[in-house]
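The structure appears right after this line, and notes come after that.
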Amino acid sequence: MSKKIFVSYKYGDENVHQLKSPLEEYLEPTKVRDYVTKLQELIGENNINKGENDGEDLSNFSDETIASNLRDKIYDSSVTIVMISPNMKESGPEKDQWIPWEVAYSLRETTRNDRTSYTNAVLAVVLPDRNNSYEYYITNNTCADCTCRTLNTPIIFQILRKNMFNKKELDRQNCSLGNDVYTGKCSYISSVTWRDFCKDIDSYIDNACSIRDSIDGYDITKQID
């Protein structure tokens with residue numbers, strides 16, 4: 001693993017499946033941050049920069065203050081992993097929450113000392129909820145023709161939604177359920193379950209990078225509404 005990865009996540013979301021063994025459950029509940037620690041173990045701590053902000057109110061922060069906080073964390077990374085969790089999105093304006101800003105800066109090009117950091121590859125890794133289910137976000141449909149699935153994108157931030165199903169020329173096919181489904185690499189930000197991601201981390205990261213290498217074929221949204 002030679003790529004530098006920035007991880008964006010809701011630090012204190014506890015509505016995720018227990019990582020500890022049953023004998024350890026009387027200890028503190030699992031948080032999304034614990035999954036990030038596990039990711040560090042899997043790919044190496046030196047390969048990761050972390051977004052460690054949780055619940056900090058950004059309403060009184062200027063754009064430049066936010067930018068200065070994120071530049072060093074994201075500048076030398078080439079891949080951003082966004083941890084999708086049930087309570088990642090708080091009520092209130094999205095511009096007052098860290099994850100949309102982290103995604104936005106991951107998608108922008110930044111020049112410093114005549115060196116340009118280009119748009120990151122971005123991958124959404126979906127964590128299991130407390131019941132060890134992914135269905136709050138991903139529904140796998142039973143279909144004889146394909147392995148189509150439905151993503152519950154309204155629960156995630158708008159900047160993530162706008163960079164999904166955003167290929168300029170989308171490929172479609174009809175499945176036996178009567179659905180019109182997208183095929184191929186239809187999203188700049190693709191989604192994978194934590195379970196599948198851990199089985200083949202390098203392949204999923206390489207796939208995200210191959211999409212980034214074809215970025216001109218996607219309508220990229222880099223601004224927060």
Side-chain angles (χ1 to χ4, degrees), residues 4-21 24-61 63 65-77 79-107 120 122-134 136-138 152-161 163 189 191-195 197-198 201 204-205 208 224:
K4 193 76 169 186
I5 297 172
F6 177 80
V7 185
S8 178
Y9 59 99
K10 181 63 176 174
Y11 189 110
D13 187 356
E14 297 179 355
N15 192 13
V16 289
H17 185 60
Q18 184 69 259
L19 273 176
K20 306 177 183 70
S21 70
E24 297 175 298
E25 287 188 4
Y26 65 90
L27 301 175
E28 294 183 4
T30 293
K31 297 181 175 67
V32 173
R33 181 60 176 84
D34 297 312
Y35 279 88
V36 178
T37 299
K38 183 64 177 179
L39 182 62
Q40 288 177 284
E41 294 173 2
L42 293 171
I43 67 176
E45 185 172 0
N46 292 334
N47 294 319
I48 288 181
N49 286 339
K50 303 177 294 296
E52 293 283 46
N53 307 292
D54 184 47
E56 188 172 16
D57 182 10
L58 302 185
S59 59
N60 295 320
F61 283 25
D63 288 4
T65 299
I66 295 169
S68 65
N69 182 285
L70 295 177
R71 280 193 190 112
D72 290 340
K73 290 183 178 181
I74 297 176
Y75 182 77
D76 66 345
S77 64
V79 178
T80 294
I81 290 176
V82 183
M83 296 289 205
I84 306 295
S85 61
N87 296 334
M88 68 181 296
K89 184 178 173 183
E90 297 178 354
S91 60
E94 295 190 6
K95 64 182 179 63
D96 292 342
Q97 300 177 57
W98 278 109
I99 292 175
W101 284 102
E102 291 167 346
V103 174
Y105 273 89
S106 295
L107 293 169
N120 277 13
V122 184
L123 178 65
V125 176
V126 185
L127 303 182
D129 66 16
R130 284 179 179 169
N131 297 318
N132 201 21
S133 172
Y134 298 94
Y136 70 93
Y137 180 69
I138 297 177
N152 184 22
T153 56
I155 73 165
I156 62 177
F157 293 104
Q158 190 172 68
I159 194 168
L160 291 170
R161 296 198 304 270
N163 288 294
I189 301 178
S191 301
V192 59
T193 65
W194 170 260
R195 178 182 57 236
F197 178 66
C198 290
I201 291 173
Y204 283 105
I205 290 177
I224 303 169

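Counting begins at 1 with the first residue of the sequence.
- Remark: Ile159 CD1 to Trp101 CH2 distance equals 9.5 Å, nearest 0.5 Å.
- Take Thr37 and apply the side chain to side chain donor-acceptor pair (under 3.5 Å) test, not counting sequence neighbours, and it matches Arg33.
- By the side chain to side chain donor-acceptor pair (under 3.5 Å) test, Ser106 is found to be paired with Thr80, residues two or more places apart in sequence or in another chain being considered.
- Contact of the Glu94 side chain with the Lys89 side chain is registered, since non-hydrogen atoms from C-beta on lie closer than 4.5 Å.
- Smallest separation of non-hydrogen atoms from Ser85 and Lys10: OG-CB, 4.3 Å.
- Rounded to the nearest 0.5 angstrom, Ile224 CD1 and Asp96 CG are separated by 9.5 Å.
- For Ala124, the side-chain contact (heavy atoms from CB on, under 4.5 Å) partners at least two apart in sequence or on another chain are Ile84, Met164, Ile189, Ser191.
- Residues Tyr9 and Leu127 have side chains not in contact (no heavy-atom distance under 4.5 Å, counting atoms from C-beta outward).
- Side chains of Ile5 and Ile205 form a contact here, defined as non-hydrogen atoms less than 4.5 Å apart.
- Shown here are the side chain to side chain donor-acceptor pair (under 3.5 Å) partners of Gln158, two or more places apart in sequence or in another chain: there are none.
- By the 4.5 Å heavy-atom criterion applied to side chains, Phe197 and Leu39 are counted as neighbours.
- Here the closest heavy-atom approach between residue Leu42 and residue Cys198 is recorded as CD1-SG, 3.8 Å.
- If you take CG on Asp13 and CE on Met83, they are separated by 12.0 Å, rounding to the nearest 0.5 Å.
- Residues satisfying the side-chain contact (heavy atoms from CB on, under 4.5 Å) criterion with Ile155, sequence neighbours excluded, are Tyr136, Tyr137, Asn152.
- Two residues are said to be in side-chain contact when any heavy atoms from C-beta on lie closer than 4.5 Å; Ile201 and Ile43 meet this criterion.
- Residues passing the ring pair (Phe, Tyr, Trp, His ring centres under 6.0 Å) test with Tyr35, sequence neighbours excluded: Trp194.
- Atom-to-atom distance recorded for Phe157:CZ and Trp98:CH2 is 13.0 Å, nearest 0.5 angstrom.
- Smallest separation of non-hydrogen atoms from Met88 and Ile99: CE-CD1, 3.9 Å.
- Using modelled atom types, one side-chain atom of Tyr134 and one backbone atom of Arg195 make a donor-acceptor pair closer than 3.5 Å.
- Glu90 places no side-chain N or O within 3.5 Å of a backbone atom of Gln97 that could act as its donor or acceptor partner.
- Asn131 meets the side-chain contact (heavy atoms from CB on, under 4.5 Å) test with Asp129; sequence neighbours excluded.
- In this structure, the side-chain contact (heavy atoms from CB on, under 4.5 Å) partners of Asp34, at least two apart in sequence or on a different chain, are Leu19, Lys20, Thr30, Lys31.
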